[in-house]
**Student:** 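Please see the structure below; I have some questions.
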Amino acid sequence: KRKEDYKLRELRIFLRDICRKLASNRRFYKFTKPVDLEEVTDYLDIIKQPMDLETMMTKVDMHKYNCAKEFLDDIDLICANALEYNPDRTSSDKQIRHEACSLRDHAHALIDVEMDSDFELECQDIAKKR
Ligand SMILES: CC(=O)c1nc(NC(=O)[C@H]2CNCCN2)sc1-c1cc(O)cc(O)c1
């Protein structure tokens with residue numbers, strides 16, 4: 001197990017904790033599971049790359065993230081998808097856009113507070129090499 005692999009294991013432990021905290025916040029309930037394509041039948045006509053917190057947890061376990069930036073790119077994707085699928089001036093669309101922006105800001109804030117910036121820079125160097 002190279003030194004790099006110990007760093008990536010530490011990253012996975014950290015990202016699982018971030019994912020758990022976000023998924024356990026009732027405000028982000030709509031983003032915890034893949035959009036139900038039986039219910040939302042036109043979803044894939046509009047959203048080309050669905051993403052959700054359960055899928056992200058699986059990606060952590062499958063070693064798909066080599067730095068926190070890659071993890072936050074998927075959080076930003078969840079948010080962008082919700083903004084794109086819910087553009088209307090209705091209160092329901094406005095509410096889900098608000099929840100999506102809140103998820104994005106909470107995720108970035110959690111990582112900025114809890115993650116050592118030098119550690120992330122080391123992970124980004126590893127990510128570049130892989
Ligand atoms: C996550 C998401 O983007 C989402 N958007 C919705 N939009 C609408 O229903 C709007 C779209 N504009 C017209 C009026 N209806 S419902 C919905 C959703 C909510 C859940 O509790 C679970 C789930 O899988 C998906």
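Small disclaimer: the values here were computed from a predicted structure and weren't measured. Whatever order the structure lists them in is the order used to number ligands and atoms, beginning at 1.
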**Student:** Does Tyr29 reach ligand 1 with a nitrogen or oxygen that is under 3.5 Å from one of the ligand's nitrogen or oxygen atoms?
**Tutor:** no

**Student:** Protein heavy atom under 4.0 angstrom of atom 9 (O) of ligand 1, is there one?
**Tutor:** no

**Student:** Looking only at protein heavy atoms, which one is nearest to atom 2 (C) of ligand 1, and what is the separation?
**Tutor:**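 The closest one turns out to be Ile96 CD1, 3.4 Å.
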
**Student:** Is Asp74 salt-bridged to Lys59, cutoff N-O under 4.0 Å?
**Tutor:** yes

**Student:** Is atom 18 (C) of ligand 1 in close reach of the protein, with a heavy atom under 4.0 Å away?
**Tutor:** no

**Student:** Mind checking whether Asp93 contacts ligand 1 via backbone (N, CA, C, O), side chain (CB onward), both or neither, at a 4.0 Å heavy-atom cut-off?
**Tutor:**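 Side chain only.
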
**Student:** Between the side chains of Lys21 and Asp17, is the shortest nitrogen-to-carboxylate-oxygen separation below 4.0 Å, so that they form an ion pair?
**Tutor:** yes

**Student:** Ignoring hydrogens and geometry beyond distance, is a side-chain donor-acceptor pair present between Asp52 and Thr55 at under 3.5 Å?
**Tutor:**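 Per modelled atom types, Asp52 and Thr55 side chains form a pair under 3.5 Å.
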
**Student:** Any idea which part of Asp88 is under 4.0 Å from ligand 1, heavy-atom wise: side chain, backbone, both or neither?
**Tutor:** side chain

**Student:** Is any side-chain heavy atom of Lys64 closer than 4.5 Å to one of Met56?
**Tutor:** no

**Student:** Within a strict 4.5 Å, meaning less than it, do heavy atoms of the Ile75 and Leu53 side chains meet?
**Tutor:** yes

**Student:** Given Tyr43, which of Asp45, Thr41, Val40 fulfils the side chain to side chain contact (heavy atoms under 4.5 Å, CB included) condition?
**Tutor:**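 One option only clears the test, and that one is Val40.
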
**Student:** For ligand 1, which atoms sit closer than 4.0 Å to a heavy atom of Asp36?
**Tutor:**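 So the atoms of ligand 1 that pass are 24 (O).
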
**Student:** Measure the distance from atom 7 (N) of ligand 1 to every protein heavy atom, then report the residue, atom name and distance (to 0.1 Å) of the closest one.
**Tutor:**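 The answer is Asn86 OD1, 2.5 Å.
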
**Student:** Looking only at protein heavy atoms, which one is nearest to atom 22 (C) of ligand 1, and how far off is it?
**Tutor:**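 Here the nearest protein heavy atom works out to Lys30 O, 4.3 Å.
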
**Student:** Check this for me, if you would: do Glu54 and Lys33 make a salt bridge, where the nitrogen-to-carboxylate-oxygen distance has to be below 4.0 angstrom?
**Tutor:**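 Counted as a salt bridge, because a side-chain N and a carboxylate O are separated by less than 4.0 Å.
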
**Student:** Out of Ile46, Thr32, Val35, indicate the one that has the non-hydrogen atom closest to atom 24 (O) of ligand 1.
**Tutor:**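 Heavy atom nearest to atom 24 (O) of ligand 1 belongs to Val35.
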
